[in-house]
Chemist: 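This is the structure, below, for whatever I ask next.
Hydrogens, waters and symmetry mates are skipped; everything else that's a heavy atom, side chains included, is used. A note on names: the letters A, B, ... follow the listed sequences, proteins ahead of strands, and every chain is numbered from 1.
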Amino acid sequence: MSSWTYVSAIREHVGQEVTLKGWLANRRSSGKLHFLQVRDGTGTIQCVMEKKIVGDEPFDAAGALPLESSLAVSGTVREDPRSPIGFELAVTAFSVVAPAGLDYPIQKKEAGTDFLMDHRHLWLRSRRQQAILAVRAEIIRAIRDHLDSQGFTLIDAPILTPAACEGTSTLFETDYFGDKAYLTQSGQLYMEAAAMAFGRVYCFGPTFRAEKSKTRRHLTEFWMVEPEMAFVDLDGDMAIIEDLLVAVVARVLDRRREELKVVERDVSKLEAVRKPFPRMRYDEAIEVLKRAGASVEWGADFGGDEETILSRQHDSPLLVHRYPADVKAFYMKRDPQDPRLALAVDVLAPEGYGEIVGGSQREDDLAVLEASLERHKLPREAFEWYLDLRRYGTVTHSGFGIGIERTVAWICGLPHIRETIPFPRLMSRLSP
RNA sequence: UCCGCCAUAGCUCAGUCGGUAGAGCAGGUGGCUGUUAACCACCGGGUCGGGGGUUCGAGUCCCUCUGGCGGAGCCA
């Protein structure tokens, strides 16, 4: 058998005899011709099989082979203007690795999302799902490359935690040798400790929320990158967020154009993303919303509708900062200019995608933080280690969390977050 | 937890005024030498989500349960 190659490398083998290994994605037949669409993970190529070349028996076997069977196919690579990828394979021989059953559940015609999600393990084979997950992988790689190049150290945060990090969301509880443990909802507090050791750090891992959210923006298990920087204030935090998002968008545009095309993303919307991002104080955002006719009052957090109104007004992500402290977490530092406000920032992605990043400058004063814990009715004992960070050389510091799935949804232009993760966990879905 | 919508063939759906359960795709058989979700002919395929009610008669109307979807709240 000739040498094994991948569809992605096919252009380097024009005129040569090669072997491809993959799955039968589709077949069209025309009498003594078979058009076999063979998918190998790097692409799909049409393999043209002529009866008079391969012989009756192999030809009939290929004609009867169920879709999604695994196979190896050998032939000569030739250019053909009719091919979507510019090349096809003139088959000389083929062999079945393992035939698929005749009842492959996913059809060529469209199906409902719930049905497809029940067969997520097979749905991943589709071109569109592969494109989305390839963009996801590229986004993650871009985030890590960018942070690594900016002097950040990757520090892994624990997933099992003894208590609520923020004391707000509902947590998944699990038994821990007779004690209660919870699945993490944020690695941030641990990153603050690490920032006092390494200066600039980030964690990347899964996050869990037991909220009974049934919306297009929520998962019960999602992935978050959480950078934390010592000696950085809110303005510095916003500049780092901005640079990160610019780097991510540029990377995807540079390396994943094909995939964006598959998901039919209007890339001009992504090309319009550039520094400086618009910045808006919470106070201004309230005014903008009121002028737009929204019924919001100062002091409330924004809902999905408000985020949509604000984000649609800009081409680049919008940084909304200095929220009322009462709607924000206990660890956020008060604005010295206006103690009603927290030095917090939310980043709203354009086109109505809404919040993809949340960040803040952290409270670095021991006494103020102690009072905040009390006001939020949090158990002080569980936070003693966290208070130590303010006892031993406290410094101005800031950080943020970026939601991977929401970022993927925005960059791919998807209406729902559930296709941005290989195996989504929703309130109503724990399998496959 | 609350509000709204949906549930009919393996899949996507239609089903009028309450009157014998339909189509396309998928599957099977045959045909076709350039197909692009190929096409053509023929064939098999139903607990109309469960339960109850109204009616001579319910896929259709009413009640209820279950499941799903979308949104609110909460958040990335």
Chemist: Quick check for you: among B:rA72, B:rG34, B:rU35, whose closest atom lies nearest to any side-chain atom of A:Arg28?
Modeler: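 My answer, after comparing the listed nucleotides, is B:rU35.
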Chemist: Is the aromatic ring centre of A:Phe35 closer than 5.5 Å to the centre of the six-membered base ring of B:rG34, with the two planes inclined by less than 30°?
Modeler: no
Chemist: Just checking A:His218: base, sugar-phosphate only, or nothing, at a heavy-atom cut-off of under 4.0 Å?
Modeler: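 Base contact - A:His218 has a heavy atom under 4.0 Å of at least one base atom.
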Chemist: Can a side-chain donor-acceptor contact be found between A:Gln361 and A:His397 if the only test is distance below 3.5 angstrom?
Modeler: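 Per modelled atom types, A:His397 and A:Gln361 side chains form no pair under 3.5 Å.
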Chemist: Tell me: CZ of A:Arg406 to C1' of B:rC74, nearest whole Å?
Modeler: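 The distance from CZ of A:Arg406 to C1' of B:rC74 comes to 10 Å, rounded to the nearest Å.
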Chemist: With a non-hydrogen cut-off below 4.0 angstrom, is A:Ser30 in contact with a base, only sugar-phosphate, or nothing?
Modeler: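 Base, at least one base atom sits under 4.0 Å.
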Chemist: I'd like the P distance from B:rA23 over to B:rG46, given in whole Å.
Modeler: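 The same atom, P, in both gives a distance of 14 Å.
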Chemist: Measure from NZ or CZ of A:Arg128 to the centre of the six-membered ring of A:Trp123, then state whether that distance is under 6.0 Å and the direction lies within 45° of the axis.
Modeler: no
Chemist: Rounded to the Å, how far apart are A:Arg128 CZ and B:rA37 C1'?
Modeler: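 From A:Arg128 CZ to B:rA37 C1': 16 Å.
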Chemist: What does A:Leu219 touch in the nucleic acid at a heavy-atom separation under 4.0 angstrom: a base, only the sugar-phosphate, or nothing?
Modeler: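 Base contact.
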Chemist: At 4.0 Å (heavy atoms only), tell me whether A:Arg27 reaches a base, stays on the sugar-phosphate, or touches nothing.
Modeler: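 A:Arg27: no heavy atom of the nucleic acid under 4.0 Å.
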Chemist: Using purine N1 to pyrimidine N3 plus N6-O4 or O6-N4 for Watson-Crick, or N1-O2 and O6-N3 for G-U wobble, both under 3.5 Å, which nucleotide pairs with B:rG46?
Modeler: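 In the structure as shown, B:rG46 has no Watson-Crick or wobble partner.
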Chemist: Side chain of A:Asp80, heavy atoms from C-beta onward: which of B:rG34, B:rG71, B:rA37 has the nearest atom to it?
Modeler: B:rG34
Chemist: If you assign each of A:Ile356 and A:Arg418 to its closest nucleotide in RNA chain B, which residue comes earlier from the 5' end?
Modeler: A:Arg418
Chemist: Give me the distance, rounded to whole Å, that separates B:rC42 from B:rG57 when you measure between the P atoms they each carry.
Modeler: 39 Å
Chemist: Mind checking A:Glu405 for me? I need base, sugar-phosphate or nothing, with any heavy atom below 4.0 Å counting as a touch.
Modeler: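 No contact.
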Chemist: Are A:Ser186 and A:Glu226 linked by a side-chain donor-acceptor pair shorter than 3.5 Å?
Modeler: yes
Chemist: Measure from the side chain of A:Arg82, starting at C-beta and using heavy atoms only, and say which of B:rC75, B:rG34, B:rC74 lies closest.
Modeler: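 Looking only at heavy atoms from C-beta outward on A:Arg82, the closest nucleotide is B:rG34.
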Chemist: Tell me what A:Glu221 touches on the nucleic acid: a base, only sugar-phosphate, or nothing, going by heavy atoms under 4.0 Å.
Modeler: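 Nothing, no heavy atom under 4.0 Å.
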Chemist: Please determine, for the side chain of A:Phe115, which listed nucleotide (B:rG73, B:rU12, B:rG71) has the closest atom?
Modeler: B:rU12
Chemist: Is atom CZ of A:Phe35 surrounded by more than 12 heavy atoms (other residues, nucleotides or ligands) closer than 6.0 Å?
Modeler: yes
Chemist: Looking at A:Asp283 and A:Arg322, does any basic side-chain N land under 4.0 Å from a carboxylate oxygen?
Modeler: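 No, A:Asp283 and A:Arg322 are not salt-bridged.
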Chemist: If you measure from the C1' atom in B:rU12 to the same atom in B:rU20, how many Å do you get, rounded?
Modeler: 25 Å
Chemist: Which whole number of Å gives the distance between the P atom of B:rU16 and that of B:rU54?
Modeler: 24 Å
Chemist: Within the pair A:Arg78 and B:rG34, is there a side-chain N or O less than 4.0 Å away from OP1 or OP2?
Modeler: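 Indeed not, no polar side-chain atom of A:Arg78 lies that close.
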Chemist: Closest approach to the side chain of A:Lys52, judged atom by atom: which nucleotide of B:rG73, B:rG68, B:rU33 is it?
Modeler: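 Of the candidates, B:rU33 comes closest.
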Chemist: Under 4.0 Å between any heavy atoms, over every strand shown, what does A:Ser29 touch: base, sugar-phosphate, or nothing? Just pick one.
Modeler: base
Chemist: Show the atom names and distances, to 0.1 Å, of all donor-acceptor pairs under 3.5 Å that link a side chain in residues 43-53 of chain A to residues at least two apart or in another chain.
Modeler:
residue	atom	partner	partner atom	Å
A:Gln46	OE1	A:Gln37	NE2	2.6

Chemist: If you compare every side-chain N and O of A:Ser428 against the phosphate oxygens of B:rC69 (OP1, OP2), does one of them come in below 4.0 Å?
Modeler: yes
Chemist: What distance, rounded to whole Å, do you find between the two P atoms, one in B:rA41 and one in B:rA14?
Modeler: 25 Å
Chemist: With heavy-atom distances below 4.5 Å as the criterion, would you say the side chains of A:Arg120 and A:Pro424 are in contact?
Modeler: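 In short, these two side chains touch, coming nearer than 4.5 Å.
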Chemist: Please determine whether a side-chain nitrogen or oxygen atom of A:Arg217 lies at a distance below 4.0 Å from atom OP1 or OP2 of B:rA72.
Modeler: yes
Chemist: Looking for any heavy atom pair under 4.0 Å, which part of the strands does A:Asp346 touch: base, sugar-phosphate only, or nothing?
Modeler: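 Since no nucleic acid heavy atom lies under 4.0 Å of A:Asp346, the category is nothing.
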Chemist: Can you see if the side chain of A:His416 gets near the phosphate of B:rG70 - specifically, an N or O under 4.0 Å from OP1 or OP2?
Modeler: yes
Chemist: Can you figure out which of B:rU33, B:rA37, B:rA76 approaches the side chain of A:Arg209 most closely?
Modeler: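 Of all the options, the side chain of A:Arg209 is nearest to B:rA76.
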Chemist: Paired with B:rU12: which nucleotide, if any, by Watson-Crick or G-U wobble criteria at under 3.5 Å for both distances?
Modeler: B:rA23
Chemist: From the options B:rC75, B:rG34, B:rC74, select the nucleotide whose nearest atom is closest to the side chain of A:Glu211.
Modeler: B:rC74
Chemist: Nearest to the A:Glu50 side chain among B:rC74, B:rU33, B:rG70, which nucleotide is it?
Modeler: B:rU33
Chemist: Mapping A:Thr113 and A:Met427 onto RNA chain B by nearest heavy atom, which one lands closer to the 5' end?
Modeler: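 The 5'-side residue here is A:Met427.
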